[in-house]
Every structure is written in C-alpha cells, then in structure tokens.
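These notes are about the structure you will find just below.
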2 protein chains.
Amino acid sequence: MIKLLLVEDDLDLAGNIIDYLELEDMLCDHASNGVAALSLMAEGHYQAIVLDINLPKLDGLQVCARARAIGNDTPIIMLTARDQLSDKVAGFEQGADDYLVKPFAMEELVVRVKALAKRRSGQHTQLSVGPLQLDINQKTALYGSEPLKCSPTAMAILEQLMRAYPHPVNRQSLIASVWGEESPDSNSLKVHMHNLRKALDSVGNATVSFTANVGFQLDVSEEK
Amino acid sequence: MIKLLLVEDDLDLAGNIIDYLELEDMLCDHASNGVAALSLMAEGHYQAIVLDINLPKLDGLQVCARARAIGNDTPIIMLTARDQLSDKVAGFEQGADDYLVKPFAMEELVVRVKALAKRRSGQHTQLSVGPLQLDINQKTALYGSEPLKCSPTAMAILEQLMRAYPHPVNRQSLIASVWGEESPDSNSLKVHMHNLRKALDSVGNATVSFTANVGFQLDVSEEK
DNA sequence: TTTACCGTTAACCCGCCCTTAACCCTGCGC
DNA sequence: GCGCAGGGTTAAGGGCGGGTTAACGGTAAA
C-alpha cells in the first residue's frame, strides 16, 4: 500500500486524482496549500509527494526547497500547467524528482508515482509463495499474517527456495547462493535446513522436501 | 506549523485573531490575563507571543519584563490601542520585539508573527511523530507537552529515527548522519542509544527497537 | 575555581546464531 | 545381512554484537 501526499489547490482536480489513485490501491492525504503541505510532510511519512507548483501561500517550488532544507528527502513529483524548460530546471534545482505537465493522463501519474515510491523503498523486495511472504529488506518473513521466526541464514535459504518455487534447488547451488564461495566445512546446511523446517512447521503447513540427486524443494499445501 | 500564544482579554477580538491565524496554519493558545500567560509561557514552547498591553492582573509590560527576567526569550509582539511613542519605547525596553497598534490589519499581524517566528527559529524545523515533537533549531524535544531531557547527541539520534519513521535506520547510516565521517572508535552509539531510551522511557511510551541486520527503529504506541 | 554536564572509552554481561561434531535413521549395493 | 553414504537430529562451543554501567577528561556555566 503506497501512502502519498497530494498538494493541489484545485479541489476538483484533487478529488479526481484521489479517486483514481485509490482505485490503484494508494492511500492519499491531501493539502491545498503549501504551508499545510509542509506540516503534513513533517508528520505523516509518505512514500511520495505529488506537488502542484501553483499554490496559495507558498508555491510548490518553495515547498520543495523548504522540505529539502530540513532534510526531508521523500520523492516529489511536480505538477504544473506551464511547459517551460525554465520551470523544469527550477523544479529539479529545488530537489524535485519528477515533473508532470498538465493536462496529463492519470495512468502516467500512477506509473510515475509507483516508480518513485518503489525506487525509494529499495525496489521490489517482496517475495511471496502462497501464504508465505518474505521481505528481503526488512529481513522478515510471514506465513499469512503470522511472523516466521528464523535466523538470517535460514531466511537466506528460504529466499532461494522461494525464488526457485515450484522447482527444486540442488544442494550445490543452494550452498553457493547462501554462502558464496566460502562454504562451511561441515554440515551447516543440514542444521539450518532443520531450523527452517522447524520454523515452518510451527507456523503453518509449508515444508521443504528433499529428493536424492535433485535437491530441496518448497512445498506449500493448497488448502489454508 | 507555528505555535504561538495569544494574550488578549477582549474575547471577541481574541476569537477573531485565533480564527484568522488558524487559516494561516498556526496553532494558537490563548490566555486572557497576565498570570495565566506567564504560566502558559513556562509550559508550552511557543515560537512567538502576541501580547496585549491592557490586561487584568498583570499588564503586558509586566508580563514581558517578567518573562525576560526568567530567561524566556520567545519573540513578543505587543498590541495596544494607544499610539504613543512613550508606550512603544516602554514596550521595547521590556524586551518586546515588535509593536502593533490597534486597529490593525490581520495580514499585518500574520506577516509580523511569521517574520519573528522565522527569525527566531531559522525556519520550519519541527519534526513530529505521534506525540513526539522535536525542534531542531531550539534543540528541544517534547513528548506531548512533557519536555524530553536528553543530550545533544541523543537528540541527533532521535532526529534521524524520527526522519526515518516508521522505517528502521541501519547502524551504519545512523552513525554516519550523527557523527559524519569521523565516527568515534568505540561504542558511543550504544551508550547514547541507552541514554535516549532512558529518556524516552521516563516520559512516555516511545521506544527504540533493534532488529539484527536491519537496524534501529522508533516505536510509538498508538494510544495517547 | 568549582560545578555540572556531556562525550568517549573500557569492561562486562548476555543472547543470538553459526559452526561443528556426534549420533540416528534409511536406502542401496555387495 | 552387512557396510557405507548421506540426509536428519540434537547438543555443545564459541564468536559477534547489542545492552549496561562506571570512570575519565574536557568544556562551559556559575
């Protein structure tokens, strides 16, 4: 769920944008002037900001500059009716990340917002297989809504299994992708695999099966 | 968001001023006599004070003098119906920063308040996360209305955590943004983090949690 | 000069996690 | 039936790193 701030003084347009973005599953706060925008930015933590340049009280360029000055580096998309190069330059100089000229297609706004929000949050770091979900950035795994308690190594193994799903991963490449060149001398994989299985057992019915001469494979039973 | 104190015994006028200032996105506390004004000044941390001279109990000049005497240097704008040079002089002698003669245009009050608040605090440097508030210029932190007693370094750490909220901050970038290039050789972060946590504990239920391989994260419980 | 505060450092505790080793169990070939 | 190979299981050891505390030195205010 992307959470963003729309700063737009044209209430009709703002309403349209909000409606559209909500269809795209984005949560949208709204400010209609620059001052309000700044205080919302200080409070809410947005993944992106859509900022009109023509605003009462404090125009978009100033808002942008002010935000950057106090260390807020949330991605900002500027909106304006003017298609002047100098405007674009000014916008980017104040620290904007993107620029959109009115009138624009809603689809384009959506695409750009998603691109920016994604870039900021470290791009697509969610893996999911059935009810299993893994966030690589936060190093957290979920089974449904239940957190999966397991060590970093176990999670690395799980990541490989989920990437390969539904195919098996052979032992060699599993070791290679978890440990790199330096694989431990002994039977670490066995132990970590055991821990991972215990963790999976305790939280739901996902298992790791082994087939000789083939490798390990993630199994997620169909019924929840 | 500018937070200021209005001291005015004429309730009609006070209401008008408050309404107008709120449109300008300023938060406005109100006192109708000098004694109340002084106790509010001692508690809340205002960025400016609008102070009528004619007040019951303690007149504006006395309030101003008293405030300065106890070391409060919040910018003060005096309001009065009299347009006498001697009054102005007296006001400035007591430590006022500006002077406005009734009747005045609301716009003028707004401009002057903003100018003073800005001069004093540099510019908008408020961070807030839930009940936590941090003024970077004044180097003060509040939990609700309770001041958070902590050292400059602890506050710098808190600032980073609040900027990142609700995301975690990894150890490296935390050290980098607090100390810059020259990080201390030893475990200063641990100690400062400890102090920050103690300070947060003593004042409300905000905590800093740590997750291995991820980093530190500010937690603010939902209920106030 | 004294006091208080602050940042740094060091020493120690403790928990988590990786590794290792020892042992169990199963399947397969001799 | 026996031995071996290889995965499965369990427990012990040790290291890394955060948490806690106290002491030291410097600096600014009283």
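What you see below is based on every heavy atom in this structure, not just the backbone, and it leaves out hydrogens, waters and symmetry mates. Chain letters run A, B, ... following the sequence lines, proteins first and then strands; every chain starts at 1.
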Kindly give the heavy-atom pair with the smallest separation between A/Val35 and A/Leu58, and that separation in Å. N-CB, 4.3 Å
I'd like to check B/Leu6 versus B/Asp29 (side-chain heavy atoms, cut-off strictly below 4.5 Å). Are they in contact? no
Can you name the closest pair of heavy atoms from B/Ala199 and B/Leu148 and give their distance? O-CD1, 3.3 Å
Rounded to the nearest 0.5 Å, what separates atom CG in A/Asp219 from atom CD in A/Gln217? 5.5 Å
Tell me, for nucleotides 5-21 of chain D in 5' to 3' order, what letter each nucleotide earns: B for a base near a protein heavy atom under 4.0 Å, S for only sugar-phosphate near one, - for neither? --BBBB-------BBBB
A/Leu196 CG to C/dC18 C1', straight-line distance once rounded to whole Å: 15 Å
Report yes if a side-chain nitrogen or oxygen of B/Ser188 is closer than 4.0 Å to either non-bridging phosphate oxygen (OP1 or OP2) of C/dG7; otherwise report no. no
Scoring nucleotides 24-30 of chain D by protein non-hydrogen atoms under 4.0 Å (B base, S sugar-phosphate only, - none) yields -------
Do B/Leu200 and B/Thr207 come close enough that some side-chain heavy atom pair is under 4.5 Å? no
Stepwise, does the side chain to side chain donor-acceptor pair (under 3.5 Å) test hold for B/Ser32 with B/Asp9? CA-CA 4 Å; B/Ser32 56; B/Asp9 61 337; over 6 Å; no
Minimum heavy-atom distance between A/Ile76 and A/Cys64, given as atom pair plus value: CD1-SG, 3.8 Å
Derivation and outcome, side chain to side chain contact (heavy atoms under 4.5 Å, CB included), residues A/Leu174 and A/Leu189: CA-CA 9 Å; A/Leu174 188 53; A/Leu189 178 61; 4.1 Å; yes
Please name the residue in the list A/Leu218, A/Leu161, A/Val203, A/Leu142 that meets the side chain to side chain contact (heavy atoms under 4.5 Å, CB included) test with A/Leu132. A/Leu218
Does any donor atom in the side chain of A/Thr140 or A/Asp135 lie under 3.5 Å from an acceptor atom in the other side chain? no
May I ask you to verify if any side-chain N or O of A/His192 is less than 4.0 angstrom from the OP1 or OP2 atom of C/dC17? no
Counting only non-hydrogen atoms, which of residues 150-160 of chain A are less than 4.0 Å from DNA chain C? A/Ser151, A/Pro152, A/Thr153
Phosphate-side-chain proximity, B/Trp179 and C/dG7, N/O vs OP1/OP2 below 4.0 Å: no
